[in-house]
Amino acid sequence: MNVDLYDFELPEELIAQTPLADRTASRLLSLNKATGEVRHHMFPEILDYLQPGDTLVLNDTRVIPARLFGAKRDTGAKAEVLLLKNLGDDRWEALVKPGKKLKTGAVITFGDELTATIESEGDMGERVLSFSYEGIFNEILDRLGQMPLPPYIKEKLDDRERYQTVYSKHEGSAAAPTAGLHFTNELLEQVQAKGVDIAFITLHVGLGTFRPMSVERVEDHVMHEEYYILSDETAELLNATRQRGGRIIAVGTTSARTLETVAGKCQEGPITAMSGWTGIFIYPGYEFKLVDALLTNFHLPKSTLVMLVSALAGRERLLNAYREAVEHQYRFFSFGDAMFIY
């Protein structure tokens, strides 16, 4: 399959630059994956699509202020670091700017309290950095770092918490699981009042999910791995949902990828708790094993995320829904509106 099959026209003015003041004020487009029927709603109307016995699966990862601005120690030249993956022992996989000047052995300083040494370089331009500091790394990062907003967002984010879900808990992501940004605690209480269970998984989102594809054939693309955790409690909820005939509804592509990774490892048996790294790449032809429905935002043309939602809804139906979203001037990407595929 050619990557160009997943391209579509998107006027730049539809790329949402700032979050809405009210999380639930977003619009919601629903797509019936069996019929292709598209309907238009406000986000709180998601309640109309949820049924007693369903389980909503949320990703409770928390975004870290992963963008750091410093200087190359030997020249004083400006340097930028974007932390992607915690490798342990104060070592991180990261992207750096300017890449041509920051090679193995280079030392970057961030004020007086943090220093990074580049240990190695990867095939895709990433670096492995070793950090030196005194104190607690996360506290230093909180002081020095900025939220790693995607490059298509040009506006400054006034409130860091608007790039976190209200249920975010476990720090480790380089980007938000944006489908969850539409929920408030009050709306989640209404979900539970309908007899819908809420389950949590953790997947620490890396930028590989959002990177443009550099290959022409879909099948040639290799995903970056991301760390996930699925607990005993969530495994029990998923098994109970299956047994009673309820639907498993993933909130976001990160939840969907985690659920499908776990399902693949459990084969036909019951879901069990597990953690590890996943590089699962879902595109049309894939048969979903756990995910029955998906709440998601609108994604970049020719991205792996458009391919994932196409695998669930069908490429033609998905692109038709996107065309209708453009006609109705929905807001796209991280701070944009939502879509429910059922």
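No experiment lies behind these values; they were computed from the predicted model shown. Note that the numbering runs from 1 along the sequence shown for the chain.
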Checklist entry - What heavy-atom pair brings R162 and P19 nearest, and what distance separates the two atoms? => result NH2-CB, 3.4 Å

Next on the checklist: salt bridge (Lys or Arg N to Asp or Glu O under 4.0 Å), that's the test. Do R62 and E161 meet it? Break it down for me.
Outcome noted: CA-CA 10 Å; R62 189 166 173 81; E161 285 303 308; 2.5 Å; yes

Next on the checklist: Between the side chains of R143 and E113, is the shortest nitrogen-to-carboxylate-oxygen separation below 4.0 Å, so that they form an ion pair?
Outcome noted: yes

Checklist entry - Salt bridge or not for D48 and R39, using N-O below 4.0 Å? => result no

Checklist entry - Salt bridge or not for K289 and E268, using N-O below 4.0 Å? => result no

Checklist entry - Side chains of Y133 and D90: do they bring a donor and an acceptor to under 3.5 Å? => result yes

Checklist outcome for this item: All heavy atoms of R244 vs all of D54, minimum pair found to be NH2-O, 3.9 Å

Next on the checklist: Between the side chains of K33 and D292, is the shortest nitrogen-to-carboxylate-oxygen separation below 4.0 Å, so that they form an ion pair?
Outcome noted: no

Next on the checklist: Students often mix this up, so state it plainly: with edges at 30° and 60°, are the rings of H40 and Y330 parallel, tilted or perpendicular?
Outcome noted: tilted

Item to check | With V57, the side chain to side chain contact (heavy atoms under 4.5 Å, CB included) member among L294, V251, I249, L259 | outcome: L259

Checklist entry - ring-ring contact (aromatic ring centres under 6.0 Å, His included) with Y228: which residues, sequence neighbours excluded? => result none

Next on the checklist: How close do T165 and N59 get, counting heavy atoms only, and between which atoms?
Outcome noted: OG1-O, 4.4 Å

Next on the checklist: In the structure I gave you, are the side-chain heavy atoms of L29 and D337 within less than 4.5 Å of one another anywhere?
Outcome noted: no

Item to check | Any donor-acceptor N or O pair under 3.5 Å, side chains R315, S310 | outcome: no

Next on the checklist: Assess, by modelled atom type and distance only, whether the side chains of Y152 and S334 contain a donor and an acceptor separated by less than 3.5 Å.
Outcome noted: yes

Checklist entry - Looking at residues at least two apart in the chain, or sitting in another chain, which of them share a side chain to side chain donor-acceptor pair (under 3.5 Å) with Y49? => result S30, H41

Kindly list each side-chain donor-acceptor pair under 3.5 angstrom involving residues 63-76, sequence neighbours excluded, with atom names and distances?
| from | atom 1 | to | atom 2 | distance (Å) |
| --- | --- | --- | --- | --- |
| R67 | NE | E80 | OE2 | 2.7 |
| K72 | NZ | K101 | O | 3.1 |
| T75 | OG1 | A77 | N | 3.2 |

Next on the checklist: On a heavy-atom basis, which atom in A256 and which in V291 lie closest, and how many Å separate them?
Outcome noted: CA-CG2, 4.0 Å

Checklist entry - In Å and rounded to the nearest 0.5 Å, what is the CD to CG distance from E171 to D142? => result 7.5 Å

